[in-house]
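To start, the structure itself, in structure tokens.
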Amino acid sequence: MSRCLACSAQIEPFIDFGSMPIANHFPTRAGFRDEFFFNLAVARCPSCELVQLVELVESTRMFHDHYAYFSSTSAGMVSHFAAFVDELGPVLEPHSGTRSFVVELGSNDGIMLQHLEAAGHRALGIEPSANVAEVARARGLDTHVAFFTTALAHALREAHGPADAVVGANVLCHVDAIGDVLEGVRSLLAPRGVFCFEDPYLPEILARGAFDQFYEEHVFYFRARSVAKLAARHGLELIDVAPRVVHGGSMRYTLAQAGARAPSPRVAAQLAYETSLGLDTPAPYEALAAKVSRLAVQLRETLEQLRAEGKRVQGYGATAKSSTMINYAKLGPELIESICDVTPAKQGRFSPGAHIPIVPHEQFSANYPDVALLFAWNHATEIFAKERGFEAAGGQWLTYLPEVALGSSGQ
Ligand code: TYD
């Protein structure tokens with residue numbers, strides 16, 4: 001019996017994908033035999049409503065000195081983080097002087113730190129993957145290589161004073177020791193400080209059937225109800241929510257020390273909305289599980305049909321999330337000849353588990369396939385806009401969310 005990582009109640013699994021590889025680990029040919037597999041299953045806690053993985057992968061297997069994801073590879077994300085910093089500004093109340101001290105958890109290659117510094121804040125990044133942290137440091141952005149813990153929070157407060165804000169984008173959902181992180185945040189924050197973080201929003205995942213958000217790095221799938229309960233358990237309070245379009249539909253949550261700031265009416269409205277979707281009952285989760293099986297079969301059948309027609313199919317974007325779809329639907333190089341990606345660290349390697357070759361973007365643009373399977377669907381607008389030439393040359397896009405569809409991007 002598995003227990004909730006946040007409140008220890010018994011959790012209820014609703015999807016089991018079976019054995020899966022690490023989604024952000026792109027092996028070389030020599031590394032195939034050492035690939036690590038684990039059982040990917042997702043459960044809901046009926047007590048605190050936190051949706052979570054049943055089996056965890058050790059964090060040092062996922063975040064290390066050759067972590068493959070660099071946030072700054074997407075132009076859309078660069079402008080998103082600029083907006084995040086702009087929107088944070090009015091909420092900040094520097095506890096001393098005029099400059100706010102902002103700590104970012106999971107600061108990656110400094111994509112947000114650079115905007116924080118440019119906006120005049122004192123920014124410190126905490127990043128466990130040394131190679132991406134090094135990119136930030138090389139840009140002169142103060143970055144500490146470590147996992148954020150309560151112990152580290154105490155040391156940071158000692159060294160730098162309290163933080164006016166702790167921020168995190170796509171990071172909290174990765175951390176299984178979530179109680180320790182929230183304790184750390186609470187002790188690091190100044191009395192009027194805020195913890196502002198965003199992660200994929202569970203109701204959006206359910207609405208799209210975006211089951212490819214389920215992979216080992218995403219331990220938690222938050223919504224306002226589960227975040228409010230989690231915050232309350234650690235002396236914090238959910239005071240605001242703001243939906244954001246990134247990563248297929250995210251929510252930005254603002255937490256403050258309990259009782260320190262008045263909650264926005266948006267919080268109560270969001271909680272009511274979630275209840276109206278039936279999210280406090282098992283039904284929507286069971287519906288997702290049924291949809292997952294159907295989409296995987298349909299995508300595989302579509303690819304087999306294209307193959308039978310002699311069409312060349314190339315994947316677009318070696319995303320971590322595509323690993324779940326590729327491996328669950330049992331897709332391989334016999335159906336998808338390669339996946340193009342702009343990230344040098346992924347090129348020349350292979351997709352996890354299925355071992356589809358990953359090639360530079362130039363191999364897409366120099367020799368368009370008949371069909372591009374959009375794995376980076378969260379960047380669809382940006383990609384469709386820049387790949388008009390592909391469609392002009394007769395290429396078709398294959399997408400699989402919210403349904404399997406083959407055709408033009410409509411751009
Ligand atoms: P990301 O959005 O982080 O998804 P995940 O968290 O599932 O990995 O990754 C996007 C990937 O797509 C990344 O490897 C970069 C790649 N990419 C391209 O190759 N071309 C593009 O135009 C964009 C926007 C992304």
Side-chain angles (χ1 to χ4, degrees), residues 20-26 40 62-63 66-81 106 108-109 111-112 129 131-132 135 168-174 198-201 204-205 208 210-221 244-250 314-328 336 338-353 356-366 368-369 372-391 395 397 399-401 409 411:
M20 286 277 157
I22 302 269
N24 242 333
H25 176 73
F26 299 87
L40 178 63
M62 300 185 279
F63 311 109
H66 48 276
Y67 188 56
Y69 181 64
F70 292 81
S71 303
S72 300
T73 47
S74 159
M77 290 311 289
V78 173
S79 56
H80 171 72
F81 284 115
N108 199 276
D109 56 11
I111 187 169
M112 179 137 68
S129 295
N131 62 325
V132 285
V135 174
N170 282 298
V171 62
L172 205 63
C173 71
H174 292 71
E198 65 182 28
D199 279 298
Y201 184 49
E204 290 285 345
I205 295 176
R208 281 171 195 258
F211 69 89
D212 56 358
Q213 292 285 1
F214 296 141
Y215 60 91
E216 79 290 338
E217 284 184 19
H218 295 166
V219 177
F220 297 113
Y221 305 87
R244 290 291 173 265
V245 293
V246 291
H247 290 292
S250 295
Q314 192 172 38
Y316 197 110
T319 53
K321 67 178 85 59
S322 64
S323 172
T324 300
M325 179 48 126
I326 290 172
N327 289 290
Y328 183 61
I336 303 165
S338 60
I339 304 173
C340 72
D341 196 287
V342 294
T343 317
K346 295 181 183 178
Q347 296 162 359
R349 291 174 169 257
F350 294 83
S351 76
I356 302 169
I358 300 169
V359 298
H361 179 264
E362 293 69 34
Q363 286 196 27
F364 172 81
S365 45
Y368 286 137
L373 171 48
L374 185 63
F375 287 131
W377 56 261
N378 47 318
H379 303 289
T381 313
E382 177 178 342
I383 291 171
F384 289 157
K386 76 177 182 201
E387 300 296 359
R388 291 210 177 91
F390 165 61
E391 286 188 77
W397 289 103
T399 50
Y400 53 91
L401 289 173
S409 67
Q411 299 242 325

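As the structure lists them, so they are numbered: ligands from 1, and atoms in each ligand from 1.
Relative ring orientation between Y215 and H218 is described as tilted, the plane-to-plane angle lying within the 30° to 60° band. A perpendicular orientation is assigned to the rings of Y328 and F211, their planes being inclined by more than 60° (bins at 30° and 60°).
Contacts of T319 with ligand 1, taken as heavy-atom pairs under 4.0 Å, involve both backbone and side chain. Neither the backbone nor the side chain of N24 comes within contact range of ligand 1; no heavy atom lies under 4.0 Å. Residue T343 touches ligand 1 through its side chain alone, judged by heavy-atom distances below 4.0 Å.
Considering backbone and side-chain N/O atoms, V342 comes within less than 3.5 Å of an N/O atom of ligand 1. Geometrically, ligand 1 and K321 share a nitrogen or oxygen pair separated by less than 3.5 Å.
Put simply, the side chain of Q213 never gets that close to the backbone of K321: no donor and acceptor are under 3.5 Å apart. No donor-acceptor pair under 3.5 Å is formed between the side chain of E198 and the backbone N or O of S250. In this structure, the side chain of K346 engages the main chain of A318 through a donor-acceptor pair within 3.5 Å.
Distance CG/D212 to OH/Y400: 4.0 Å, rounded to 0.5 Å.
Of the candidates G317, A23, A320, G76, A320 brings a heavy atom nearest to atom 5 (P) of ligand 1. Of the listed options K386, H379, E387, E382, K386 places a heavy atom closest to atom 22 (O) of ligand 1.
Under a 4.0 Å heavy-atom criterion, Y215 is in contact with ligand 1. Using 4.0 Å as the threshold, K346 has a heavy atom nearer than that to some atom of ligand 1.
Side-chain contact between Y221 and C173 is absent, with no heavy atoms from C-beta onward closer than 4.5 Å.
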